[in-house]
Each structure stands twice: as C-alpha cells, then as structure tokens.
Amino acid sequence: MIDFFKKLNKWIRDFMLDDVDKPFDGPLPYHKEFGKKRNPVERIEKRFDVQKSQNRG
C-alpha cells in the first residue's frame, strides 16, 4: 500500500511540477526586476518638485 502511495505521489509531483527542470534562457520569472534599481536622486527630486508645486498655490 505504501508503494502505491509513493508512486501516486511521484506521479502527481511530476505532473504538477513539470516546468521545474526546464532551463530558462533569461532571468527566472521571479527575478525579472533583479538588477533594476531606481535612482534615489530622481525619486527625491520628484518628491521635492511635487512639494514645491503644492506650496506655490
């Protein structure tokens, strides 16, 4: 009986996790943003621009 469950478990895992062993050409899907860091200076300048435009009112 345990043999049957082991075979069933292996079949289900092979069926569900079929794409685990595939080689990817590019970065992995969950690492698409890896290496893309926003420039903090631009972000800070935008924030100050918004504050300046609100203070002029």
Side-chain angles (χ1 to χ4, degrees):
M1 192 71 171
I2 292 176
D3 253 0
F4 172 74
F5 285 119
K6 285 182 181 179
K7 288 180 182 179
L8 180 66
N9 185 30
K10 183 180 180 327
W11 182 83
I12 291 173
R13 289 185 67 180
D14 287 345
F15 179 73
M16 298 287 280
L17 302 174
D18 186 35
D19 60 341
V20 170
D21 295 330
K22 289 182 183 176
F24 281 89
D25 293 336
L28 296 176
Y30 48 85
H31 286 141
K32 286 184 180 179
E33 297 295 322
F34 186 76
K36 293 183 178 180
K37 189 172 182 180
R38 291 190 302 178
N39 188 353
V41 175
E42 290 177 6
R43 189 171 43 93
I44 293 170
E45 287 175 351
K46 285 180 185 178
R47 190 181 329 148
F48 281 119
D49 290 342
V50 169
Q51 286 177 355
K52 286 179 185 177
S53 66
Q54 290 176 352
N55 290 340
R56 288 182 189 164

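Side chains included, hydrogens not; waters and symmetry mates left out as well; all remaining heavy atoms used.
- Ion pairing between a basic and an acidic side chain is recognised when a charged N comes within 4.0 Å of a carboxylate O; Asp14 and Lys10 show such pairing.
- Under the 4.5 Å side-chain heavy-atom criterion for grouping Ile, Leu, Val, Met, Phe, Trp and Tyr, Val41 is not connected to Ile44 through any hydrophobic cluster.
- A side chain to side chain contact (heavy atoms under 4.5 Å, CB included) with Lys6 is found for exactly one of Asn9, Leu8, Ile2, namely Ile2.
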